[in-house]
Every structure is written in structure tokens, then in C-alpha cells.
Participant: 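Just passing along the structure, written as C-alpha cells.
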Amino acid sequence: MLAHGLLTQHLKQALKDSYGIDADEKDIVLQKTRKEFEGDFTLVTFPFIKAAKQSPEQVGDTLGKFLLAANSTFTKYNVVKGFLNISLSNDFWLQFFSGAQIENYGYKKEGSSGKTIMVEYSSPNTNKPLHLGHIRNIILGYSVANILRTQGHNILKVNLVNDRGIHICKSMLAWQKFGNGETPQSSGIKGDHLVGKYYVEFDKQYKKEIAELVSQGKPKEEAEKQAPLILEAQQMLQKWEAGDKEVKDLWKKMNGWVYDGFATTYSVLGVDFDKTYYESDTYLLGKELVQEGLDKKVFYKKDNGSVAIDLSADGLDEKIVLRSDGTSVYITQDIGTAIERFKEFPQLNQLIYTVGNEQEYHFKVLFLILQKLGYAWAKECYHLSYGMVELPDGKMKSREGTVVDADELLDEMFSTAEQTTKELGKVEGFANDELKHLYKTIGSGALKYFMLKVDAKKKMLFDPKESIDFNGNTGPFIQYTYARIQSVLGKAGETKAIDPKVELNELERELIKLVYEFPSVLEESAKTYNPSHIANYIYELTKTFNRFYHDHSILKEENETIKQLRLALAKQCGQIIKNGMNLLGIEVPNRM
RNA sequence: GGCACCGUAGUUCAAUGGAUAGAAUAGAAGUUUCCUAAACUUUAGAUGCAGGUUCGAUUCCUGCCGGAGCCA
């Protein structure tokens with residue numbers, strides 16, 4: 001970074017010349033000067049006082065004097081306790097800003113890093129519709145993929161659908177028994193919801209059977225295993241694995257409904273995938289790896305015939321990778337799938353799994369096994385772990401029906417957006433489909449921003465009784481600011497290049513400094529796989545812009561050079577707001 | 001039992017070991033002949049407890065209390 005490099009270089013020289021200190025660059029801690037003090041950047045002088053054998057104030061003063069004498073870019077300094085606040089010249093900031101007025105400011109050229117990264121997210125089951133937890137997963141994965149792309153990486157977005165197993169058979173069986181041939185078309189129910197309905201129905205009937213068996217005197221555990229429905233579902237799974245045509249046809253039909261339903265939700269959320277994997281294609285992968293692991297003596301056979309790996313030396317436990325009956329477990333598939341992907345995409349450098357933090361142990365084990373099997377890329381596998389979305393009375397649990405349905409919540413957001421928009425009455429002249437699109441933009445923007453502004457790693461609380469805000473630190477607040485900027489720019493007509501001599505006022509300077517920060521925010525966000533940094537930055541930029549907009553007129557400014565500067569600032573702030581929001585998967589409207 | 005995580009205003013969230021712990025919302029009080037008031041301004045309010053390391057701790061270490069998780 002321009003200013004940081006310049007400051008670091010001069011400070012290094014100053015420390016050497018004044019005190020004979022060969023400072024390490026990481027000891028030169030430069031931060032943004034806090035608002036209550038004068039200055040642009042602040043150096044913490046404490047690390048040097050021992051070697052300098054002077055008080056923090058003296059060190060600050062000495063270094064400040066040195067900087068001013070060395071380069072005219074540094075115009076002023078002041079020292080408060082151990083903090084040296086340095087001001088940079090008007091010229092410097094203007095010159096910087098002139099170079100920053102580009103559309104893709106802060107982005108590295110796509111592919112310039114030479115790295116290819118696969119980001120997996122969503123990864124749903126096909127037996128139930130998506131809920132709020134899935135939304136967090138989806139927009140987090142999508143956003144992180146976008147953010148990594150700004151750092152010059154090639155990105156592959158993938159989805160892995162869990163489309164087989166006993167849970168699917170439960171839905172299928174319940175539909176066969178109680179469905180009367182109902183389809184999404186005949187019922188008007190979205191496909192994934194229809195299948196979910198029968199998953200719930202299965203559970204209901206199954207519980208009834210268990211209760212009956214228990215009342216006949218069977219122990220509960222036995223009853224759970226012997227209920228006719230569960231036996232039938234297990235038979236169905238066996239038939240599926242044997243390739244029974246009737247079962248497979250039903251499976252295809254019902255999964256088709258679910259995919260249609262998911263596609264709709266993905267489209268509403270504005271996310272997409274470069275490739276979708278299906279577990280029905282990949283669930284047998286990894287079995288042959290077990291033999292390889294045995295040959296390499298990474299795995300061992302246990303007395304009961306199962307195969308395991310001992311990870312106790314790494315602080316983990318023994319992990320079974322093949323059951324005694326020869327069937328594989330989840331981790332076996334995951335091993336196989338990972339290896340397959342690196343074969344399929346030889347240029348792949350990194351594989352990111354967007355999965356909840358309840359599976360942290362699973363991924364630790366997975367990556368460790370891959371490493372022990374000798375795959376060098378195992379080090380580059382990353383579990384993008386995020387916290388659960390909790391309701392006021394605890395975690396969401398599909399089986400207990402305590403979930404916030406994704407489609408319902410989105411519809412609610414859209415109608416709230418519609419209602420608010422109508423109340424404010426600013427959308428004269430909008431066509432019907434434009435209005436619909438606007439409600440969607442605002443509603444989903446509120447929801448996505450709500451979820452991405454918080455640290456992805458932490459669990460978050462969602463209270464269905466309190467609607468998601470549209471005022472304050474929210475998506476619509478930022479969208480609104482963008483719309484105001486576009487309105488001003490639309491009225492301004494032609495703009496000219498800014499005058500390099502124009503004097504900046506406090507808020508103009510503040511805005512340029514924020515523009516200066518954007519690229520490092522992108523880097524930080526990419527490095528930590530955390531979109532919340534971008535969300536918080538955009539919010540700060542927006543807030544500052546609103547203050548500027550309130551205090552200083554742009555279009556009515558009589559001094560033409562100042563007016564042009566303000567227009568340029570408005571334009572670039574708008575551009576960054578738009579780019580930042582797009583990285584979060586949020587659209588911004590030109591009017592609202 | 002073992003492993004890792006969390007605890008900040010009434011509430012929901014911020015704070016690469018740095019200055020007087022920031023916001024939003026709810027509360028109180030204001031701003032409209034002026035580029036969109038979904039905005040702006042003012043005000044009140046918080047680091048679970050006890051130690052330790054450090055010039056400096058919300059952040060690192062130890063113990064306790066409280067909350068959720070994974071592996072058995």
C-alpha cells in the first residue's frame with residue numbers, strides 16, 4: 001500500500017539514523033488514527049523505547065521531526081503518550097484518489113495468482129426443504145468464493161447433493177403409502193416441500209408404530225428396530241443399492257421434484273454452481289482406498305474385520321474407515337471424493353468445504369487421513385466452519401420441526417420490503433416487474449446482510465418474532481445510500497477530471513481515506529475467509545458518506561472544482577458500495 | 001471422561017496486544033421551503049468472576065462460574 005510503504009520506509013530510516021535501531025517491519029505498527037486525534041496514520045512507539053532509551057513522547061517527537069524533514073508528503077505530526085500521529089498532504093490524498101477512480105478498484109486480475117480454488121457449499125439433503133441454517137451456508141460459501149476471486153484466484157463453485165440413503169427411502173416409502181399419487185403439479189406444493197412433507201409423515205407413522213409396539217410390552221429400543229415401516233425402508237434401500245428399477249424410478253422422480261425446488265431457491269438467493277456432484281455417484285468412492293491404506297500400513301484391520309486408523313498420536317481417536325460388514329462410512333466417501341476431485345482438476349490448489357462447526361472433528365480427521373495417505377495437497381484443504389443459527393429457544397432441528405423455512409422467510413422479507421416501499425411512496429413510474437425485482441433486491445439484501453455482517457465462525461441468533469431491520473446497520477440502509485448517489489449522478493450530467501489543487505475538507509478527506517482502505521479489507525477478508533469485514537467496511541463507508549451528503553451539497557456547490565471533486569467521490573463511493581455488496585451476493589438498486 | 005468453542009450496553013453485533021471499548025436497535029430530545037428523512041444530529045447505557053504475563057489485556061496464560069458442540 002502506497003502510504004504504508006512510504007511511511008514504513010521512512011520510519012525505518014528514522015529509527016536507524018536517530019537511534020541506530022534496525023527495526024523489523026512487523027514492529028512498525030501503523031494504524032489508522034482515531035477520530036478524536038488529528039492525523040491520518042498512527043505509529044505505536046512503545047516497541048522502540050527500550051532500545052532508544054528515551055520516553056515514548058521523546059521517541060515520537062524525534063521520529064515526527066525526522067519524517068517532516070525527510071519528505072514533504074508528511075505535513076504534520078503530534079504525539080499523545082506513546083502514539084505518533086502523522087498527517088499526509090492534501091496533494092498525496094488527491095493524487096491517490098485520482099488513481100483509484102476505476103471500476104474494479106482493489107481487485108487483482110482474475111487468474112493472476114495462478115491458483116485454482118474449489119469452494120463447496122450448500123450440500124443439501126434431498127429429503128427436506130432448505131432452512132435458515134442452509135441460507136447461512138449458501139451465502140457464506142458464495143460470498144467467500146467471490147472474495148477469493150478478487151485476489152486473482154480461479155474459482156470453482158461446487159455443490160454436493162446428498163441424494164441417497166435411508167432418509168430418502170423414508171420419504172419415498174411414505175409417499176408410496178400415503179401420497180395417493182400427489183405431485184408438485186397436482187398439489188401446487190413446491191417439490192422440495194412436498195418431499196419434506198412425506199419425510200415428516202414417515203416419522204409420524206413410524207412413531208405411532210413404535211408406541212403401539214411399546215404398549216404391547218416391547219422395550220422401546222427393540223420397538224424402534226422392529227417397527228414395520230423402518231424395516232420396509234431398509235428393504236427399499238437394499239433394493240435401491242441392487243439397482244431395482246421400480247425403486248430407482250421412484251427415486252429419480254422424487255429427487256427431480258426436489259431439484260426443481262432447490263433450483264428455485266438458489267435462483268431467488270442469486271447463487272449458482274459451476275458443478276454439482278451427487279452422492280449416488282460418489283458414495284462408493286474411497287472403498288478401494290482402504291486397501292491402499294492397508295498396504296501403506298496407514299490403516300489396520302481389527303479383530304472384527306473392520307478397518308481403522310489410529311490418530312491418537314495426533315490427539316484424536318481411533319477412526320473406523322470400513323465397517324466389519326464391508327460397508328463404508330461417511331469419511332470413506334469423503335476421502336474418495338477429495339482424491340477424485342484433485343484427479344479431475346489437476347490444476348486445483350485448494351479445496352474449501354463450507355460446513356457447520358459441528359463437523360469440525362470430522363474434517364480434522366479427514367484432512368489428517370489424506371495427509372497420512374501421502375497426498376501433499378491435504379495441507380491445502382480447508383474447512384470453512386461456520387456457527388449454527390440458533391432460535392431463542394435453542395438450535396434448529398429439522399426432525400423436531402423447529403426450523404425457519406428458507407422459502408417462507410424469503411417471501412416474508414419480500415412482502416415486508418413491498419410494504420415499506422409502498423409506505424414511503426418513492427417508486428412512481430416503476431413497471432410491475434421492476435417493482436417485483438426491487439422488493440426482491442431489498443428483501444433478500446436485508447436477509448443476506450443480516451447474516452454476513454456477523455463473524456461467520458460464531459453462532460448467531462435469529463428471533464422469528466422480531467423482523468429483520470431495514471434501518472440502521474442493514475442491507476437496505478446501504479442500498480438506499482447507493483440509490484441516492486445514483487440519483488445525484490444522474491442529475492449531474494457530464495463530469496470532469498478533478499483538479500489536483502483542490503483543497504479537501506474533513507469529510508472529503510475521510511472518504512478518500514476509506515477508499516484507500518478498501519483493497520486491504522479485501523485482502524483481510526480473503527485471508528480469513530470472512531465476509532463480515534467487507535460488510536462492516538461498507539457500512540462505515542456508507543455512514544460516512546451519508547454524513548458528508550447531509551453536511552455538504554454536491555449539485556448546489558458553486559465552486560466548480562469542488563463540485564467535480566464531490567461528484568467524483570460520490571461516484572467512486574457508489575462503485576465501492578456496489579462492488580462490496582456484490583461480493584456479499586447483494587444487489588444494489590438505482591432507485592428505491 | 002477426552003477434545004475444541006463461546007460469555008461485551010435491555011437486545012443483536014464490532015474491536016491485527018494499543019489511546020477515552022465502537023455500532024445498530026429499543027429509550028429520551030431534535031433536524032424538512034435544500035441533491036431521496038429507508039437519512040442526519042444530540043443524549044443515556046456494557047467487557048461473567050479471580051489471578052498471572054506485559055509499558056499496555058475484550059484479546060494471551062491458569063483456575064472457577066455459566067452456555068452450546070464434537071468424540072467416546
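In what follows, every chain begins at residue 1, and chains take the letters A, B, ... in the order their sequences are listed. Quantities reported herein were computed from a predicted structural model and do not represent experimental measurements.
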Participant: Looking for any heavy atom pair under 4.0 Å, which part of the strands does Val365(A) touch: base, sugar-phosphate only, or nothing?
Facilitator: nothing
Participant: Any carboxylate oxygen within less than 4.0 angstrom of a Lys/Arg side-chain nitrogen, looking at Glu517(A) and Lys513(A)?
Facilitator: no
Participant: Kindly point out which of G69(B), C6(B), U12(B) is positioned nearest to the side chain of Glu358(A)?
Facilitator: G69(B)
Participant: Ile49(A) near the nucleic acid: base, sugar-phosphate alone, or nothing, with a heavy-atom cut-off under 4.0 Å?
Facilitator: nothing
Participant: Is it true that Arg591(A) and Glu434(A) make a salt bridge, defined as a side-chain N closer than 4.0 Å to a carboxylate O?
Facilitator: no
Participant: Could you check which of U16(B), A37(B), A14(B) has an atom nearest any side-chain atom of Arg484(A)?
Facilitator: A37(B)
Participant: Between atom NE2 in His362(A) and atom C1' in C3(B), what is the gap in whole Å?
Facilitator: 17 Å
Participant: Is the ring of Phe46(A) stacked on the base of G56(B), with centres less than 5.5 Å apart and planes under 30° off?
Facilitator: no
Participant: Do Tyr549(A) and the base of A39(B) stack face to face, with centres under 5.5 Å apart and an angle between planes under 30°?
Facilitator: no
Participant: Determine, step by step, whether Arg509(A) and Asp40(A) satisfy the salt bridge (Lys or Arg N to Asp or Glu O under 4.0 Å) criterion, reporting the C-alpha distance in whole Å, the side-chain angles of both residues, the deciding distance to 0.1 Å, and the verdict.
Facilitator: CA-CA 9 Å; Arg509(A) 196 181 170 99; Asp40(A) 297 325; 2.8 Å; yes
Participant: Tell me the partner of U43(B), counting only Watson-Crick (N1-N3 plus N6-O4 or O6-N4) or G-U wobble (N1-O2 and O6-N3) with both under 3.5 Å; none if nothing fits.
Facilitator: G27(B)
Participant: Across all strands, who's sitting opposite A4(B) as a Watson-Crick or G-U wobble pair, both distances under 3.5 Å?
Facilitator: none
Participant: Paired with G22(B) by Watson-Crick or G-U wobble geometry, both distances under 3.5 Å: which nucleotide is it?
Facilitator: C13(B)
Participant: Return yes if the base of A19(B) and the side-chain atoms of Thr42(A) contain a donor-acceptor N/O pair under 3.5 Å, otherwise no.
Facilitator: yes
